[in-house]
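Encoded as structure tokens, the structure appears first; notes follow it.
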Amino acid sequence: MTLIRRALAAGLAALLLAGPAAPAHADDRVTDLGVPLQDVLLIGGTVAPGPAGDPVIWSVSSGSPAHLNAVDPATGATAARYDLPGADGSWAVTATSDGSVYTGTYGAGHLYRWTRDGGVTDLGRPIASESFIWSVAAGEGSTVYGGTYPGGRLFAYDPATGVRDYGRISPDHVYVRSIAYADGKIYTGTENPAAVFEVDAVTGAIERLPAPPGADLTDAWAYDVDVVQGHLYVRFGSAFPGPLHVWDIAAGAWVDVIEAAHGLDVSPPDDQGGIYLIKGGELVRYDPSTRETTSTGMPFTGRVANTRGIGWAELDLPDYPGKSLVGLLWRGMMFRYNPQTGAREFLQSGVQGEPIDITAIAEGPDGRVYTGGFLNGGFAALDPETGAREEFHTFSQTEALAEHDGKLYVGAYPDARVYAYDPELPWHSPEYSPSPDPGAADNPARLFDLHTDKQIRPRALTSAGRYLAAGTMPDLGHLGGVLALWDPETGELKHAQRNVVQDQSIVSLAYRDGVLYGGTSIHSGQTATPPTQPEAKIFAWSVKHDRLLWELVPAPGKPAVPALTFDDRGRLWGIAGGTVFAVNVQARKVVTSVTLSDGASTSGELAYNPADRLLYGAHGGLFALDPRTEKRTVLRQGPVSHLAVHGSGDVYFAEGANLFRYRP
């Protein structure tokens, strides 16, 4: 039925339209369809006294704006919720001994302070050049220390004296990713190649700690750094489980390693000096004096099982005498464990969900419009005929969506993972959202990833005849994306090759007559990696022979070609910065170039609509471009970020978390 509906819609439009023409009142044809995705995402957190003076679990929920939440560990209810104006979210939450709770944020890179008497105060951006506070740690009294990006700087804030800028910690690093404080020393961890520095809080003197013996830190981050009673705990790796190395501060030596530690923090010590952490999908106790790990029997399942705040609280509940260990997980789930009785429990907290920015739009094989989400992840489906909606939560950040041979393919961050979702089967994602039905097949089913090729973002997906084609962007410190071809019939990669265009990522794909056409970006999947190439290219790739046919620069000086599409005459159109261009693929040259602006943006969208034979694009708003006359009409001003043309001829586009429909 979907194919018939598409054909009828396209045919009818062709009959009725004597020629492409822009509408006189474009805004009348735009419908705001609302927010398709809404969920909880918690990152940074801590356990500390709350508004009533009793311990709560503090955590920041990502959103616009982000919110500082206080969760009652006895009930799971939200004890307080505060706006953080201008902030999108936070990895960095800590409490100081004077009762303050500090939050370092991303978006504007501001520092916020909560007190019982004054609520939340926006302290502004501690260092003008820094837009991201990655981590904060409590010092003496009301002093807090913070680490930043993109300058890799360390700062201190004291309400009495203001900000102290310690400067850049390492000339080779741009992230102070993790931070801890003890006895006059500040410990900071960086991005790859991972390094840990000890900074004297008074003099600012910096000393680099040696790497753990035998550890290869080339592609690892010092992702988490904690100090507990004379021991420094450093987890080297990424957001996923990795080795937690133990440094004896007094001895000045690495003394142990705990494998498969999840992070993001270890707990404060219990009465015997032991700490708790999640290791290999289970809550365990580690004794630094004996270096022994003890099981608790409390499982943590799913791909993301990192604590978002962990600490001790008296709950006054049956089976929870004395102090119990409490914490939060990324989707707002709360956990608690009592060491005396072994009682353990998970329950959903009352933290409110926030709208999720849309990162991809595509029509699925069932005719529904699918949208993928940023950071919080998940994706949603909208039936364009009935308006019925369906949300699929607890999934990864979506980089790209594409329909191919009856399935919806999903490109997920990180590790450049690609999944296949079958709308005819039940949703079941034990990787992210364990189900009580263990017999169901994984749906989306994970097909492959390109982690070993140092890739993180599968930014481009397209149907390529028998195959699904994917183009990727590499991780921090690397350049050169991968072009991959997946064969659904054999369940294997037909081909995967890095650096099809040297040191350039692949960020857009189009297919025609056995040839894949790709648009590149000079950038890595992490902007801190400096490019080596001056401008983006497009290339042609033979699917049958797995070889590069040609490449060219379609828009001199532009850093990326983020979208490609074919019109009905076989011309390949693309957008690069403020330039829309057309390529004659037989002649291998640019035949048309339309200037929208003088910008050099790496973003932009472009799609051909066979229903009215117009190109629709996003660049400072939504526009339509007649490929025959090159006449451009601005349909809507605003932050349009993603778009897709539906088989009905309607154009769907996103502005932040909202989905819109333009009906030609």
Side-chain angles (χ1 to χ4, degrees), residues 41-51 53 56-70 79-169 174-181 184 186-188 199 201-202 204 225 264-265 308-309 354:
L41 176 65
L42 306 177
I43 307 181
T46 192
V47 177
V56 298
I57 314 171
W58 292 97
S59 192
V60 172
S61 53
S62 297
S64 297
H67 291 90
L68 177 63
N69 303 277
R81 174 178 164 92
Y82 304 93
D83 289 351
L84 300 176
D88 296 329
S90 171
W91 287 83
V93 182
T94 194
T96 51
S97 59
D98 71 334
S100 300
V101 175
Y102 286 93
T103 302
T105 64
Y106 57 84
H110 282 213
L111 182 69
Y112 299 80
R113 181 190 184 200
W114 173 88
T115 61
R116 288 183 66 186
D117 295 333
V120 170
T121 301
D122 183 353
L123 302 173
R125 183 179 285 189
I127 302 176
S129 62
E130 306 304 283
S131 60
F132 203 128
I133 300 176
W134 268 105
S135 186
V136 290
E140 308 295 339
S142 56
T143 300
V144 66
Y145 299 96
T148 72
Y149 168 84
R153 303 177 81 89
L154 172 68
F155 70 87
Y157 173 78
D158 183 329
T161 60
V163 174
R164 175 181 176 180
D165 183 359
Y166 286 87
R168 188 165 182 169
I169 295 301
V174 297
Y175 290 80
V176 173
R177 172 63 187 83
S178 49
I179 193 167
Y181 170 86
I186 310 160
Y187 298 90
T188 66
V199 182
V202 175
V225 174
L264 296 167
D265 297 293
R308 267 58 174 166
E354 307 279 357

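Atoms considered below: every heavy atom in the structure, side chains included; atoms not considered: hydrogens, waters and symmetry mates.
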Revision key, fill the gap. Looking only at heavy atoms, the pair that brings Ser90 and Ile43 closest together is O-CB, 3.3 Å
Point to revise | Ser131 side-chain N/O to Ala108 backbone N/O, donor-acceptor pair under 3.5 Å | key: no
**Study point:** Minimum side-chain heavy-atom gap Ser142-Arg113 below 4.5 Å
**Key:** yes
Exercise for review: Would you kindly say whether Tyr102 and Thr143 are connected by a side-chain donor-acceptor distance under 3.5 Å?
Suggested key: no
Exercise for review: Let me see the working for Tyr112 and Trp114 under ring pair (Phe, Tyr, Trp, His ring centres under 6.0 Å), right down to the final yes or no.
Suggested key: CA-CA 7 Å; Tyr112 299 80; Trp114 173 88; over 10 Å; no
Check your understanding: Taking C-beta and beyond as the side chain, do Leu154 and Ile186 meet within less than 4.5 Å on heavy atoms?
Key -> yes
Check your understanding: Where does the angle between the aromatic ring planes of Tyr175 and Trp134 fall among parallel (under 30°), tilted (30 to 60°) and perpendicular (over 60°)?
Key -> tilted
Revision key, fill the gap. On a heavy-atom basis, the closest approach of Ala201 and Tyr181 is CB-CE1, 4.2 Å
Point to revise | Any side-chain donor near an acceptor of the partner, Arg125 and His110, under 3.5 Å | key: no
Check your understanding: Short question: side chain of Trp58, backbone of Pro49 - any donor-acceptor pair under 3.5 Å?
Key -> yes
Exercise for review: Please round to the nearest 0.5 Å and tell me the distance separating atom CH2 of Trp91 and atom CG of Leu264.
Suggested key: 5.5 Å
Exercise for review: Heavy atoms only: give me the nearest Val163-Pro126 pair and the separation to one decimal.
Suggested key: CG1-O, 3.6 Å
Review point. Between Tyr149 and Val174, is a side-chain contact (heavy atoms from CB on, under 4.5 Å) present by the stated rule, with each step listed?
Key: CA-CA 6 Å; Tyr149 168 84; Val174 297; 3.9 Å; yes
Revision key, fill the gap. Output for pair (Ile179 CD1, Thr94 OG1), nearest 0.5 Å, gives 10.0 Å
Practice item. Please tell me if the side chains of Leu84 and Val60 come closer than 4.5 Å, counting only heavy atoms from C-beta onward. Key: yes
Review point. Is any side-chain heavy atom of Tyr82 less than 4.5 Å from a side-chain heavy atom of Pro51?
Key: yes
Review point. Any side-chain donor-acceptor pair under 3.5 Å between Ser59 and Arg308?
Key: no
Review point. Quick one: OG1 on Thr103 to NE2 on His67, what's the gap to the nearest 0.5 Å?
Key: 12.5 Å
Check your understanding: If every non-hydrogen atom of Gly86 is compared with every non-hydrogen atom of Pro65, which pair is closest and at what distance?
Key -> N-CB, 4.4 Å
Review point. Per the side-chain hydrogen bond (donor to acceptor under 3.5 Å, both in side chains) rule, which among Arg168, Glu130, Arg153 passes with Thr148?
Key: Glu130
Review point. What are the two closest heavy atoms between Thr96 and Gly141, and how far apart are they?
Key: CB-O, 3.3 Å
Practice item. Measure the spacing between OH of Tyr157 and OG of Ser100 and express it to the nearest 0.5 Å. Key: 9.0 Å
Revision key, fill the gap. OG of Ser129 to CD1 of Ile127, rounded to nearest 0.5 Å, is 6.0 Å
Review point. Going by atom types alone, do Asn69 and Ser61 pair a side-chain donor with an acceptor below 3.5 Å?
Key: yes
Point to revise | Gap between atom CZ of Arg177 and atom OG1 of Thr188 - 0.5 Å precision | key: 12.5 Å
Point to revise | Check: Asp88 and Ser62 side chains under 4.5 Å, non-hydrogen atoms | key: no
Practice item. Grab the two heavy atoms, one from Val120 and one from Asp83, that are nearest each other, plus how far apart they are. Key: CG1-O, 4.2 Å
